[in-house]
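Some notes on the structure that comes next.
By convention in this document, chain letters (A, B, ...) are assigned in the order of the sequence lines, proteins followed by strands, and residues within each chain are numbered from 1.
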Amino acid sequence: MKCKFFLLDIGEDYTQVLPTVRIWGIDDSSDRIAIVAQQIKPYFFVVPKDQDDLASSALDQIRKALPNALDITTQTKKLLGQQVQALKVTCSSSTQMVESGRITRKMNIGEVFEDDIRLPVKYMMDFHLAPCAWQECDVSPFKIHNVQADATYQADSEIRASRQEKQTKLRMLAFSLLVVGQKGSARAIKDPIRAVAVATDGGKSKSIAAEKDDRELIKWFVQEVKSNDPDVIVGFNSNRLAWPYFMERSKQNQIKLTLGRDSSEPHTSLYGHTSIAGRANLDLADFATGITELKVKSLERLASYFKVGRGVQAESIDDLQSSALWSEESGRIRLKHNNEAQSKVSLELGKLTLTYASQLSTITGLPLDQVMSAAVGFRVDSYLIRRANSLGELIPSQKEQPFYPYRGAIVFEPKPGIHESVVVLDFASMYPNLMRKYNLSPDTLIRQGEDYKIDQIFVIPEVNHKFRKSPDGLYRLALSDLIEERAVIKRELAKPSIADSRFRELTEREKAVKVVTNACYGYAGWLGARWYAREVAESATALGRDTITRTVTKAKEVGLHVIYGDTDSIFVENDEDKVNKLLAWVNETLELEIRPERQYSRILFTEAMKRYAGLLQDGSLDVVGLEVVRGDWSEIAKQVQEEVLVSVLRDRSTEEAVKKVILTVRKLREGRVPILDLTIRKSLAKSVQEYSVRTPHVEVAKKLIKEGWELGAGDQVAYVIIKGPGKLYQKAESFTGVTAKQVDVDYYIQNQIKPAAMRILGGLGVSEKQLDA
DNA sequence: AAGGGCGCACTTTTGA
DNA sequence: TCAAAAGTGCGC
């Protein structure tokens with residue numbers, strides 16, 4: 001029988017004798033199904049060094065070394081665009097393939113390819129299957145051990161991509177875990193789970209709490225997952241916190257955490273995320289890390305960023321606070337309520353972000369389960385693997401590479417002071433377009449000793465790298481697809497007849513395409529990239545420098561004042577005729593698109609690059625790079641700076657600005673500033689032992705760790721500077737428990753408020769003394 | 001089981 | 001006292 005289904009997840013099925021891929025899907029009557037596909041054989045390639053003597057020498061050697069190989073054949077493949085004769089070694093199992101690949105590498109008779117690509121990935125790339133998209137194939141009923149689904153099948157034909165029939169509604173379950181340490185952070189080894197909250201599609205939310213024993217609570221959660229049978233499970237920080245905690249607690253209690261659709265337990269998988277068979281596990285914290293505007297990556301902030309959960313009031317309560325709250329009855333109630341609220345907010349956020357995640361999954365080819373926890377580099381990697389494979393290219397493995405830095409972009413010195421009526425001209429996707437235009441790619445790069453005809457190559461200015469004009473390189477092909485798809489989406493979005501659901505889907509798809517497009521340059525220069533090519537990244541920045549400098553020169557030529565520029569943008573006076581002249585020139589001569597973006601009615605620059613503030617057309621204040629937008633300054637300093645900027649730009653009054661500063665200083669001296677506004681947050685870039693310098697945030701972290709709190713790389717430390725002798729790092733204390741009296745007011749005036757205010761006022765003729773009045 | 005690139009400003013510590 | 005180094009977080 002025919003089966004059409006939406007591909008939810010895919011994995012290798014190790015319970016079968018033959019190499020088997022198990023696919024989880026939802027068919028066109030909304031049945032949850034599992035399909036096993038067994039007509040597949042793991043394989044890898046060897047490209048012998050001696051290309052002329054394939055059959056006799058290399059083939060024989062491999063045959064001898066791998067007596068268990070099912071088949072060894074020669075096949076023509078491409079390696080960086082060049083045709084090569086490769087030996088395809090087919091194996092009887094994935095483990096045998098990995099082992100055979102290892103043996104072959106050791107033989108040193110040639111380069112080995114694709115032994116590092118897992119069976120499900122190979123399966124998807126060879127048959128052009130995309131996750132979160134529709135597929136079809138012939139199936140027949142087939143019992144799969146332990147799998148509970150509406151139907152289980154085996155595939156009787158190849159699975160093919162199919163036209164999307166309709167939107168698939170995924171069942172979602174959100175959960176939140178409450179854990180509290182007795183002293184310090186909660187430890188799964190001894191501290192039981194205090195409460196679990198679950199929220200499901202109908203808006204229902206339930207929770208269960210336990211004071212001492214958490215056995216019932218874990219069982220309850222397993223039951224909830226079973227009865228709701230979600231396709232997607234959502235949590236916040238679940239990969240780092242909830243799942244490991246659940247797993248350890250169930251081990252302690254000797255309860256099986258049978259959450260998978262095959263009754264298996266969660267297990268840690270690729271990219272540090274937790275995998276649950278047949279369901280997609282989404283961690284909202286992964287969304288938060290991708291949103292650069294979000295300074296504090298908490299559920300609370302994420303919710304307010306997406307404007308959800310307004311009535312629900314889910315607070316982000318950290319370890320220290322919850323420990324304190326837990327000691328009192330009222331605090332316990334608050335924590336439990338909050339836990340429930342968090343599950344509700346998580347559900348809302350999950351629904352809101354699912355479309356984007358699905359689109360990114362389809363585009364990159366990474367299963368929904370992994371796509372959000374995979375770093376940008378791996379998303380591009382996955383995208384290129386599929387693109388390259390369709391071209392018959394061999395997929396290189398990740399290699400150890402020496403690190404050579406290369407020059408990046410140009411930043412122009414700003415003209416300090418306040419400017420009226422300024423427009424920002426931005427190149428549209430500059431690096432991707434340059435990479436495409438000049439065919440920058442590892443497979444078009446002319447390497448040392450290679451022949452070329454000068455009229456058939458691009459020579460990159462400054463760095464002198466050379467690229468063939470034809471044929472199209474991998475990056476050009478990939479970027480062309482992406483850039484064109486984006487244009488198509490934009491055209492469709494502009495149609496008035498478009499349906500709401502389609503509009504939403506395309507909007508999210510456009511975002512996802514953009515993310516992959518813009519990551520390609522960084523990917524080319526990333527040591528971990530399969531298609532790492534420093535020359536490509538270096539050429540992109542060299543062309544970028546050339547482009548922007550020529551644009552600045554031309555701008556001056558047409559009589560435009562250039563106030564500032566950074567990488568792919570220039571700030572010029574808003575003179576329509578002159579600007580249009582420049583735009584036309586860029587279009588015709590550089591064959592790139594430059595667009596007028598933001599307009600500032602007034603904008604202020606200091607002498608520093610990458611730092612400015614201006615009033616946009618709607619009157620709002622736009623601050624770039626300055627303390628206001630930095631997460632590592634106290635709120636009080638940031639507020640003062642913002643007030644100063646408003647006074648100076650909107651009210652055109654430095655006197656007003658000075659008054660504001662003086663007022664704040666007074667407030668601080670009188671102890672009327674809340675401690676929270678005095679906390680300074682800094683991240684730990686590594687574990688505390690690894691630091692060679694004693695800094696305030698590291699010293700505070702060390703103290704907290706001694707008290708039993710868990711703090712490591714990536715965690716933020718919030719501290720306050722208190723009165724006392726010695727170095728700054730000796731005067732830093734964790735913000736909890738510090739009273740207004742202890743605060744080192746002078747530090748905040750001299751090292752926070754004044755610098756932040758003077759950064760702006762210094763260039764406007766105000767002296768530091770004036771702030772003391 | 002991992003976490004694209006380089007350019008820049010700025011604070012604090014370090015060590016001569 | 002001062003420059004260099006370490007460290008963080010930003011812009012694009």
- Task: Give a yes or no on whether a salt bridge exists between A:E393 and A:R387, defined as a side-chain N under 4.0 angstrom from a carboxylate O.
- Result: no

- Whether A:Q716 side chain and A:K682 backbone form a donor-acceptor pair below 3.5 Å: no

- Task: Look at A:E12 together with A:R22 and state whether they make a salt bridge at an N to O cut-off of under 4.0 Å.
- Result: no

- Query: Which heavy-atom pair separates A:R611 from A:R759 by the least distance, and what is that distance?
  - Reply: NH1-NE, 3.7 Å

- Message: Please enumerate all residues that pass side-chain hydrogen bond (donor to acceptor under 3.5 Å, both in side chains) together with A:N237, with sequence neighbours excluded.
- Response: none

- Message: With rounding to the closest Å, how many angstrom separate the P atoms on B:dG3 and C:dC12?
- Response: 26 Å

- Message: Please tell me whether A:W526 and A:Y521 form a close aromatic pair, meaning their ring centres lie under 6.0 Å apart.
- Response: no

- When you check the gap from the basic side-chain N to the acidic O, do A:K731 and A:D744 get nearer than 4.0 Å? yes

- Considering only heavy atoms, which members of residues 747-762 of chain A lie under 4.0 Å from some atom of DNA chain B? A:Y747, A:N751, A:P755, A:R759

- Look at the aromatic rings of A:H419 and A:F605 and report parallel, tilted or perpendicular, splitting at 30° and 60°. perpendicular

- Contact class for A:A519 (heavy atom, under 4.0 Å): base, sugar-phosphate, or nothing? base

- Check whether the side chains of A:D746 and A:N751 place a donor and an acceptor atom closer than 3.5 Å, and report yes or no. no

- Assert yes or no for the condition that the ring centre distance of A:Y523 to A:Y532 is strictly below 6.0 Å. no

- Query: Taking C-beta and beyond as the side chain, do A:V700 and A:F735 meet within less than 4.5 Å on heavy atoms?
  - Reply: no

- Query: Are any of the side-chain nitrogens in A:E627 or A:K638 under 4.0 Å away from the carboxylate oxygens of its partner?
  - Reply: no

- Message: Please classify the nucleic acid contact of A:K610 as base, sugar-phosphate, or nothing, using heavy-atom distances under 4.0 Å.
- Response: base

- Using heavy atoms and a sub-4.0 Å distance, could you list which residues of residues 626-645 of chain A are near DNA chain C? By number, please. A:V629, A:R630, A:G631, A:D632

- Query: When we call it a touch if two heavy atoms are under 4.0 Å apart, what does A:R407 touch: a base, just sugar-phosphate, or nothing?
  - Reply: sugar-phosphate

- Span of DNA chain C, from the first to the last nucleotide whose atoms fall under 4.0 Å of chain A heavy atoms: C:dA6 to C:dC12

- Message: With heavy-atom distances below 4.5 Å as the criterion, would you say the side chains of A:V624 and A:K610 are in contact?
- Response: no

- Remember a base hit wins even if backbone is also touched, and classify A:R240 as base, sugar-phosphate or nothing at under 4.0 Å, heavy atoms. nothing

- Query: With a 4.0 Å cut-off on heavy atoms, is A:A685 in touch with a base, just the backbone sugar-phosphate, or nothing at all?
  - Reply: sugar-phosphate

- Do the non-hydrogen side-chain atoms of A:T679 and A:S634 ever get within less than 4.5 Å of each other? no

- Query: Across the strands shown, which category fits A:Y612 at heavy-atom distances under 4.0 angstrom: base, sugar-phosphate, nothing?
  - Reply: sugar-phosphate

- Would A:D381 and A:W531 count as having a side-chain donor-acceptor pair, cut-off 3.5 Å? no

- Message: Using a heavy-atom cut-off of 4.0 Å across all strands, would you classify A:T541 as base, sugar-phosphate, or nothing?
- Response: nothing

- Name the nucleic acid region contacted by A:G522, choosing base, sugar-phosphate or nothing; use a 4.0 angstrom heavy-atom cut-off, strictly under. base

- Where does the chain A footprint on DNA chain B start and end, counting 5' to 3' with a 4.0 Å heavy-atom cut-off? B:dA1 to B:dT14

- Item | Check: A:F113 ring centroid to A:F44 ring centroid under 6.0 Å | no

- For DNA chain C, which residues in residues 690-700 of chain A have a heavy atom at a distance below 4.0 Å? A:Y691, A:S692, A:V693, A:H697

- Task: Could you check whether A:Y729 gets within reach of a base, just the sugar-phosphate, or nothing at all, counting any heavy atom under 4.0 Å?
- Result: sugar-phosphate

